[in-house]
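Heads up: numbering here begins at 1 and tracks the sequence. Heavy atoms only: backbone and side chains are in, while hydrogens, waters and symmetry mates are out.
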Amino acid sequence: PWWWWRPWWWWWWRPWWWWRWRWWWRRWRRPGVSDSPAARPLTGTAVVVTRTRAQASSLVDRLTAEGATVVELPVIAIEDPPDGGRALGRAASRAAAGDYDWLVFTSTNAASRFLAALGDRPVLASSQWAAVGPGTAAALRGGGHSPDLVPAMSVAEALADEFPDAPARTGGAAVPRVLFPRAETVSGVLASGLRAKGWVVDEVVAYQTVAGTPDPGALDAAGRADAIAFTSSSTVARTVSLLGLDHVPSVVASIGPVTSASALAAGLSVTVEAVDHTIDGLVAALLGALGQGGAQSDDGRPSHSGEPGG
């Protein structure tokens, strides 16, 4: 090419900004490449996220990157458990002492609060870790603990199904024991499923959810939005009580079957449910529901053919 014939001094004197400018110019001129907001699939679409940015930063960032206008509607708040975290602190001390065969988590909040209570204390390698899904697994890895079990489907039922049976006790062997840090209010599916497999399950409350109080401007913007994304069951009932059924956005996206069931029980019609029960899966579901290639059933409910948890 022509530029090979340039003398060495031609390359030497070019300032750094010249190369930067040339790179952007070539990118802008390249067919099919555009950084214009109008080229993003969700441009002009308002999506409600029912948590604060601190609680749902990855979802907010992903939707913003797709061009959406995100309406942050913090309908719930995460607080310390009623005992101030004393039981969680004792459980963390027992975990550090090696009292548990398994440490099981079904939410990022439980994982992060347990890790905070554990601090810098190591946990014996004989103790194994389980996470209900990729988000919770990432929270554990962030604390230096890679999970030994993450079920194929990100629901408590799948975790209970894939969890191993408790080992048979022989001689003076210790009782096979599981620690389950959780929210104040959860379904009993996981704990009962583990007990049915022979495990002694110590449940400890790691946090509680309380009603949030969004400002009037956020409520007004939410009522005029195009879509709403639910990431947990705990946000559904509070959203309906704040907005009213008639003012919930027409496109309702759910991260998984448990959240979908809560939405249906609250009187909502679920437009689409994430195939992968993750933030990326939820964003993909929204893209599909808002005209980017997704499929729905004729009655407006999520199309569950081949989907996990359907």
Side-chain angles (χ1 to χ4, degrees), residues 76-92 94-95 99-115 117 127-137 139-140 147-167 175-211 230-238 240 254-266 268 270 273-274 277-278 308-310:
I76 62 169
I78 305 299
E79 294 187 353
D80 289 335
D83 69 349
R86 288 186 293 275
L88 182 63
R90 291 192 295 269
R94 292 187 63 187
D99 288 355
Y100 293 105
D101 300 278
W102 281 88
L103 311 172
V104 178
F105 301 89
T106 56
S107 73
T108 57
N109 284 311
S112 60
R113 285 176 174 264
F114 173 80
L115 292 173
S127 297
Q128 295 181 281
W129 302 70
V132 74
T136 305
L140 292 177
D148 301 280
L149 173 61
V150 181
M153 292 170 52
S154 302
V155 292
E157 292 86 347
L159 181 53
D161 288 343
E162 296 185 28
F163 208 83
D165 292 333
V175 175
R177 193 174 294 273
V178 172
L179 176 63
F180 177 28
R182 59 171 178 80
E184 183 181 24
T185 303
V186 295
S187 70
V189 171
L190 179 58
S192 61
L194 299 186
R195 291 184 179 114
K197 291 190 170 186
W199 294 97
V200 173
V201 180
D202 290 349
E203 300 180 68
V204 59
V205 177
Y207 66 97
Q208 61 178 329
T209 58
V210 298
F230 288 115
T231 57
S232 69
S233 294
S234 59
T235 61
V236 174
R238 178 62 175 164
V240 172
S254 161
I255 200 169
V258 176
T259 303
S260 294
S262 297
L264 293 171
L268 296 174
V270 178
E273 179 184 295
H277 311 316
T278 63

What one should report as the nearest heavy-atom pair of A206 and P181 is CB-CB, 4.3 Å

One should read off an interatomic distance between Y207 OH and E184 CD, to the nearest 0.5 angstrom, of 10.5 Å

Checklist entry - Does the side chain of R86 reach to within under 4.5 Å of the side chain of P81, using non-hydrogen atoms? => result no

Smallest heavy-atom separation, I255 atom then H277 atom, equals O-ND1, 3.1 Å

- Under 3.5 Å donor-acceptor, S127 side chain and Y100 backbone: yes

Rounded to the nearest 0.5 angstrom, the OG1-CZ distance for T209 and R238 is 11.0 Å

All heavy atoms of A111 vs all of T136, minimum pair found to be CB-CG2, 4.3 Å

Heavy-atom nearest pair, V104 first then L159, reads CG1-CD2, 3.7 Å

Rounded to the nearest 0.5 angstrom, the CG-OG1 distance for L190 and T106 is 6.5 Å

Rounded to the nearest 0.5 Å, the CG atom of D165 sits from the CH2 atom of W199 at a distance of 9.0 Å

Residues at least two apart in sequence or cross-chain that pass side-chain hydrogen bond (donor to acceptor under 3.5 Å, both in side chains) with E203, listed by chain then number, are R182, R195

All heavy atoms of P134 vs all of T278, minimum pair found to be CG-CG2, 3.4 Å

Under 3.5 Å, is there a donor-acceptor pair linking the side chains of T259 and S254? no

- [ ] Taking the side chain as every heavy atom from C-beta outward, state whether F163 and V178 have any atom pair closer than 4.5 Å.
- [x] yes

Apply side chain to side chain contact (heavy atoms under 4.5 Å, CB included) to the pair F114 and L88, showing each step before the final yes or no. CA-CA 7 Å; F114 173 80; L88 182 63; 4.0 Å; yes

The complete set of side-chain hydrogen bond (donor to acceptor under 3.5 Å, both in side chains) pairs with one or both residues in residues 149-163, sequence neighbours excluded, reads none

Residues passing the side-chain hydrogen bond (donor to acceptor under 3.5 Å, both in side chains) test with S233, sequence neighbours excluded, are S262

Taken in chain and number order and not counting sequence neighbours, the residues that satisfy side-chain hydrogen bond (donor to acceptor under 3.5 Å, both in side chains) with D99 are R94

For K197 and P164, the nearest pair of non-hydrogen atoms, with its separation, is CD-O, 4.0 Å

Side chain to side chain contact (heavy atoms under 4.5 Å, CB included) filter on P147, not counting sequence neighbours, yields A131, A137, L140, R141, V150

With sequence neighbours left out, the residues meeting side chain to side chain contact (heavy atoms under 4.5 Å, CB included) with Q128 are W102, D148

In this structure, CG of L179 is separated from CH2 of W129 (nearest 0.5 Å) by 9.0 Å

